[in-house]
Every structure is written in structure tokens, then in C-alpha cells.
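This one's a predicted model, so the numbers in the text were calculated from it and none came from an experiment. Count residues from 1 along the sequence.
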Amino acid sequence: MYEKIIHNTEELNAMAVHLRIAQNFTELRLLAAERLVPEQDVEDFIIGKRFLLAEIPMSEKNYASAAEKLREEMWHLNDQLFTDLVAQYLIERAKEDILFGFRVLKKQKSLQKCMDYIMKQAYQMAEKEREKKFGKKQDPKGRTGNQNQSFGLGIAETKVYQWAEEYYALEDEVKEAKEQAAERKKRLNALKRKEERRKNAESPKKAASDASKKTKELAEQATEKKQTEEQKQMAGKNQAAEQKQTAEQKEIPDTLAKEEEHAGEPEADLEVRQITVFDLLSGSDADSKGGKE
């Protein structure tokens, strides 16, 4: 995933810091798995116990000579009783043989791997000698019958140096690349399975949480809808009351105006009637007086 942008451990550490700041721990673990960083180192880096995700390996350094590389490896391994003796022999061999020196300088070669190779060869030799002496009878659990038999084997110094030269002569670039690819695939698959288990474990909790949240939202929506309807009804009642009050207030001036308009009508009628009666009475008197005259 990051092969095109990360070319060495320094760039790896820079990307790891960026992912940690962004709290993108899933991508950080994938990155570490691709680069075969030990899982414990990854977790320590995430929680802040490590300053850098990975130490810069000596394979990324450029050395002027095989002796310079071997001396630095001696300093890191710090084993004066065994490793330093083998390394001193290798330094002398590199001075004598330029081709051997080039083999020591190969990126995938290291003094620690050389010591592992020597120990493996010594163990295999000891196992063969044990079988010769005690036989190879196996118990039902698959262990050899001589498992608990103490056994010591002395190995000549020259044999140890021979194994050391054999290691640096091995053409193991392709083999190591295949082993790293297989380990990388194994780590990535394990990490993906772990992530899937975590997601599956969280799914029921998330579903329950989502259902609870959905129920709560529906309840809130129903309550809000009910409150809205009540507010609408209340607003309608208030509006009707206001309209009724407005109508009543409007009727009061109209009534008063009408009362004022008709307030003098009876008096006018009475006056008319009085005038009419007076006229009639006057007319009658006049006629009678005229007749008498």
C-alpha cells in the first residue's frame, strides 16, 4: 500500500507519526505489518512508550568497508565471549579476500544472522551425535527417548569459522524475500481477521445502540408532532376568540350610533302630534267662532 511513498525506515517512522497524530491506528497497524515491525513495538508506539515505530536497521546504512560494518554489529550485539571472536576472524578474512568483503557488505547479510546460522549448524550436529549415542526412540507424545539425557559436544574453532564463511557464501536473497513475503501475508491476514472479529463483536452493540437511538428519535418526533398539533389547536382557539372579541367590540359602537340616531324620534313624533292636535283644536275654535259671527 505504501511501497511507492515509503522507501526506508526513516520515511516509515515519519508516516507512523502522522498516522498516530491522526489516530488512524488501523492504517498504522497495517503499515507496521507490511514492514514486519513486531506487534509489541507497534502497540508501545501507539500508546506513546516508543519514540519511533522502528529502529533504523544497519542494512539501510552505507559502509565504507566490511570491517566498519562488522565492528558496528559487534558493538550492538555486545558478546565478547563468542560473537566478537567470530567477527574478528571475519574482519581478517575480508581484508585478505575482497570478494568475501563484498559478501559481508550485502544488505541482507548480518552478523546476527551469521551467529544464528552457526548455532543452527551446531544444534544439528549435536542432535546427530545424540542419536548415535542414545538412539532415536520416540515416546507416544512424539519426543525422543533421549530427551532427558544430558549431552555435551565440543566443536572445533575452525569448524565454527567454516560455518561463518558458509553463511556469507549463501545466495539467500530470493529465499529471504519469499520468507518475508510469506510472513507479511501472514501478519496482514491475522490483522484483518482480528479487525473483522472486533467489528463483528461491535455490530450487535452498534445495532442495539442504533435501534435505541432510532426509537428515541421516533418518540421525540411523535412528541414534537403532538406539541405542534396542540399549539395549532390553541392558536386556532385564540384566533377565534380574538375574532369574536373584535366582532363584539365592533358591534358596540354600531349599537350606540343607532341608539343615538333614534334617540330623538319619539320626541319629534310627540311634538308633531302635539302640533297637529293644536292645529286641529285651533281650527275647530276658529270655525265655531266664525259660524257664530
Side-chain angles (χ1 to χ4, degrees), residues 2-3 6-17 31-42 44-45 49-126 152-184 187:
Y2 295 95
E3 289 82 357
I6 296 177
H7 305 92
N8 52 48
T9 306
E10 184 178 357
E11 293 177 355
L12 168 67
N13 287 329
M15 178 60 73
V17 170
L31 173 64
E34 289 178 354
R35 296 290 172 150
L36 302 179
V37 179
E39 292 183 8
Q40 188 58 50
D41 290 351
V42 179
D44 289 345
F45 176 76
K49 290 176 66 175
R50 286 179 65 88
F51 180 67
L52 296 175
L53 176 64
E55 295 180 5
I56 297 177
M58 287 180 288
S59 61
E60 292 185 8
K61 297 181 180 180
N62 295 318
Y63 296 97
S65 65
E68 181 184 356
K69 180 181 179 180
L70 289 167
R71 287 194 180 95
E72 183 171 347
E73 290 176 313
M74 287 167 60
W75 183 81
H76 281 287
L77 294 175
N78 192 23
D79 177 24
Q80 298 179 357
L81 297 178
F82 185 27
T83 304
D84 284 8
L85 296 176
V86 175
Q88 289 292 347
Y89 170 80
L90 295 174
I91 289 172
E92 295 301 322
R93 281 287 293 119
K95 289 179 180 179
E96 297 171 358
D97 187 345
I98 297 177
L99 179 59
F100 183 77
F102 287 148
R103 291 173 180 171
V104 172
L105 287 172
K106 285 184 177 181
K107 296 293 183 181
Q108 83 278 7
K109 297 293 184 180
S110 70
L111 183 58
Q112 182 172 342
K113 291 179 183 178
C114 175
M115 301 308 297
D116 291 341
Y117 181 85
I118 292 171
M119 296 300 295
K120 181 179 179 181
Q121 299 302 316
Y123 182 83
Q124 290 177 352
M125 179 180 286
L153 177 66
I155 300 176
E157 185 177 352
T158 54
K159 190 65 176 178
V160 173
Y161 296 153
Q162 178 184 341
W163 286 334
E165 291 193 40
E166 285 179 3
Y167 163 73
Y168 282 102
L170 290 174
E171 298 294 338
D172 52 2
E173 291 91 342
V174 176
K175 180 182 177 182
E176 283 198 10
K178 288 182 179 180
E179 290 176 351
Q180 288 181 357
E183 181 63 21
R184 185 178 295 108
R187 287 276 304 276

Value for CZ (R103) from CG (L170), rounded to nearest 0.5 Å, stands at 9.5 Å
Q | Derivation of the side chain to side chain contact (heavy atoms under 4.5 Å, CB included) call for K95 and I91 | A | CA-CA 6 Å; K95 289 179 180 179; I91 289 172; 3.9 Å; yes
- Message: Would you say NZ of K178 has more than 12 non-hydrogen atoms from neighbouring residues, nucleotides or ligands within 6.0 angstrom?
- Response: no
For K69 and V104, the nearest pair of non-hydrogen atoms, with its separation, is NZ-O, 2.7 Å
Are there over 12 heavy-atom neighbours, none belonging to K107, within less than 6.0 Å of that residue's NZ?
yes
*Taking atom types as modelled and ignoring hydrogens, do the side chains of Y161 and E165 form a donor-acceptor contact shorter than 3.5 angstrom?*
no
* Asked: Can you check whether E157 reaches Y89 side chain to side chain, under 4.5 Å on heavy atoms?
  -> no
A quick test of your reading: do over 12 heavy atoms of other residues, nucleotides or ligands sit less than 6.0 Å from CD of Q80?
no
To the nearest 0.5 Å, atom CD of E183 lies from atom CD of E179 at 9.5 Å
Note, Q112 side chain near D116 side chain (heavy atom, < 4.5 Å) | yes
* Asked: Is the number of heavy atoms from other residues, nucleotides or ligands within 6.0 Å of CG (L99) greater than 12?
  -> yes
The reported gap from OG in S65 to CG in L105 (rounded to nearest 0.5 angstrom) is 7.0 Å
Is the count of non-hydrogen atoms from other residues, nucleotides or ligands lying under 6.0 Å from E10 atom CD greater than 12? no
In terms of heavy-atom contacts, N13 and L53 come closest through OD1-N, 3.3 Å
Of all heavy-atom pairs linking A164 and V86, the shortest is CB-CG1, 4.1 Å
query: Are side-chain heavy atoms of L111 and Y168 found at a separation under 4.5 Å?
result: yes
**Item:** Validation row: I6, L31 side chains within 4.5 angstrom (heavy atoms)
**Value:** yes
Greater than 12 external heavy atoms within 6.0 Å of F102's CZ: no
Flag side-chain contact, heavy atom, 4.5 Å: F82 against I118 = yes
In this structure, CG of N8 is separated from NZ of K61 (nearest 0.5 Å) by 13.0 Å
Is the shortest heavy-atom distance from the side chain of E39 to the side chain of R187 under 4.5 Å?
yes
Output for pair (M115 CE, L77 CG), nearest 0.5 Å, gives 8.0 Å
For G101 and A66 the tightest heavy-atom approach is O-CB, 3.7 Å
Heavy-atom nearest pair, A54 first then T9, reads O-CG2, 3.7 Å
*Would you say the side chain of K106 lies within less than 4.5 Å of the side chain of E171, judging by non-hydrogen atoms?*
yes
With distance as the sole test, does Y167 use its side chain to make a donor-acceptor pair with the main-chain N or O of S110 at under 3.5 Å? yes
Charged N-O contact under 4.0 Å between E176 and K109 = no
To the nearest 0.5 Å, atom CE of M119 lies from atom CH2 of W163 at 9.5 Å
Should the heavy atoms of other residues, nucleotides or ligands under 6.0 Å from CD of E173 be counted, would the total exceed 12? yes
Test item: K113 side-chain N/O and Q108 main-chain N/O as donor-acceptor pair under 3.5 Å:
yes
Hits for ring pair (Phe, Tyr, Trp, His ring centres under 6.0 Å) against Y117, two or more places apart or cross-chain, chain-then-number order -> none
Original post:
Is there side-chain contact between F45 and V37, with heavy atoms separated by less than 4.5 Å?
Top reply: no
